[in-house]
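Below is one structure, written out as structure tokens; the observations come after it.
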Amino acid sequence: MQQSRVIPSPRSFACDLATLCAPTLAGLKPASLFRYQPAPGQDAAAMAAAWHAALSPRGVTVRVLRQCPRTGAVLVYVYRPARVARLLAAPHMLDFLAGEGYTPGTADELLDQLAERLCCEGDFPHEIGVFLGYPLADVIGFIQNRGKNFTTCGYWKVYTDPTAAQAEFDRYKKCERIYARCYYNGTPIRRLTVAA
């Protein structure tokens, strides 16, 4: 049996958090998601828990949605619970998720169901876009078109208004550049996190 080689992230968990999740830390976006491959001996779930403890007083939750038992890699969901709860409680959002097989419930219960789907289902749950704050029409467009026929692509594939989406993408990119510069210049992540 051939062993697959695990390549750790060239950046630290903190660096990925500060740069890849900048729009969420800044309060521009309700949630972000990133994959982190720890170096040998590192416990990515423990890192996520430590960052959760540091950022939850500022209104940001850091949660592992999935951990690979073979490599230890984690899928980390960084979010603003109050915003995600409002987003997922909208009737049209609950109807959409029910149509995708979710049992209606609180945001935490819906996130538990998403984590279960990430862990146990063969197909990737593309409805994850609504948990990240992507426009529902674009998430539905992605699912119906199987990721094809989009009008533009950035943080998500766009099936509705490409001009409005591009303006949002540009806002997020600018935020990421600013946060990366601040982080690399020594600004602590806690200070970069806008309080809810």
Side-chain angles (χ1 to χ4, degrees), residues 3-88 107-108 110-112 114-119 124-126 128-134 153-156 168-196:
Q3 289 253 354
S4 62
R5 196 165 150 234
V6 175
I7 300 170
S9 172
R11 301 182 303 191
S12 69
F13 190 97
C15 177
D16 284 356
L17 177 64
T19 56
L20 301 176
C21 302
T24 299
L25 298 178
L28 300 178
K29 196 170 179 286
S32 297
L33 187 71
F34 71 97
R35 181 187 180 277
Y36 183 75
Q37 177 63 62
Q42 285 184 327
D43 182 349
M47 288 186 241
W51 279 108
H52 171 71
L55 299 180
S56 62
R58 304 206 49 90
V60 173
T61 293
V62 179
R63 174 180 175 169
V64 172
L65 285 180
R66 182 176 191 276
Q67 182 163 19
C68 177
R70 189 173 49 79
T71 67
V74 291
L75 193 58
V76 182
Y77 183 62
V78 178
Y79 67 108
R80 294 187 170 267
R83 286 190 60 192
V84 169
R86 278 193 307 276
L87 182 75
L88 297 178
D108 284 337
L110 292 168
L111 280 167
D112 289 343
L114 174 64
E116 182 71 23
R117 286 169 176 241
L118 284 164
C119 182
F124 188 81
H126 295 295
I128 197 169
V130 298
F131 291 87
L132 296 168
Y134 300 166
C153 183
Y155 286 78
W156 64 87
E168 198 71 6
F169 298 160
D170 292 345
R171 232 173 108 211
Y172 294 164
K173 278 288 178 206
K174 181 178 180 182
C175 177
E176 286 176 354
R177 283 192 306 273
I178 292 167
Y179 269 54
R181 186 175 63 242
C182 291
Y183 175 75
Y184 290 122
N185 285 333
T187 305
I189 294 174
R190 187 169 157 76
R191 224 173 105 212
L192 289 171
T193 305
V194 175

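Predicted model, so just to flag it, every value in this text is computed and none were measured.
One N or O on the side chain of Gln67 and one on the backbone of Gly72 form a donor-acceptor pair closer than 3.5 Å. Arg58 contributes a side-chain N or O that, together with a main-chain N or O of Arg190, makes up a donor-acceptor pair within less than 3.5 Å. Side chain of Arg83 to main chain of Gly27: a donor-acceptor pair is present (N/O by atom type, distance under 3.5 Å, no hydrogens or angles).
Here the two rings, on Tyr155 and Tyr172, have centers that are under 6.0 Å apart.
Arg66 meets the salt bridge (Lys or Arg N to Asp or Glu O under 4.0 Å) test with no other residue; sequence neighbours excluded. In this view, Tyr183 satisfies the ring-ring contact (aromatic ring centres under 6.0 Å, His included) rule with no residue, not counting sequence neighbours. Scanning for salt bridge (Lys or Arg N to Asp or Glu O under 4.0 Å) contacts around Arg181 gives an empty result, with sequence neighbours left out.
Taking the side chain as every heavy atom from C-beta outward, Thr193 and Arg80 approach each other to under 4.5 Å. Side-chain contact between Leu87 and Val130 is absent, with no heavy atoms from C-beta onward closer than 4.5 Å. At least one side-chain heavy atom of Ile189 sits under 4.5 Å from a side-chain heavy atom of Trp51. The closest side-chain heavy-atom distance from Val84 to Tyr77 is below 4.5 Å. Two residues are said to be in side-chain contact when any heavy atoms from C-beta on lie closer than 4.5 Å; Leu28 and Val194 fail this criterion. Side chains of Phe131 and Leu110 form a contact here, defined as non-hydrogen atoms less than 4.5 Å apart. Under the 4.5 Å side-chain criterion, counting only non-hydrogen atoms from C-beta, Phe13 is not in contact with Gln42. Within the 4.5 Å cutoff, side-chain heavy atoms of Cys15 are placed close to those of Tyr184.
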Quiz item: Could you go step by step and tell me if Tyr134 and Lys29 meet the side-chain contact (heavy atoms from CB on, under 4.5 Å) rule?
Solution: CA-CA 9 Å; Tyr134 300 166; Lys29 196 170 179 286; 4.1 Å; yes

Exercise. May I have the step-by-step check of side-chain contact (heavy atoms from CB on, under 4.5 Å) for Val78 and Leu20, ending in yes or no?
Key: CA-CA 10 Å; Val78 178; Leu20 301 176; over 6 Å; no

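Considering every non-hydrogen atom in both Ala45 and Val74, the closest pair reads N-CG1, 4.3 Å.
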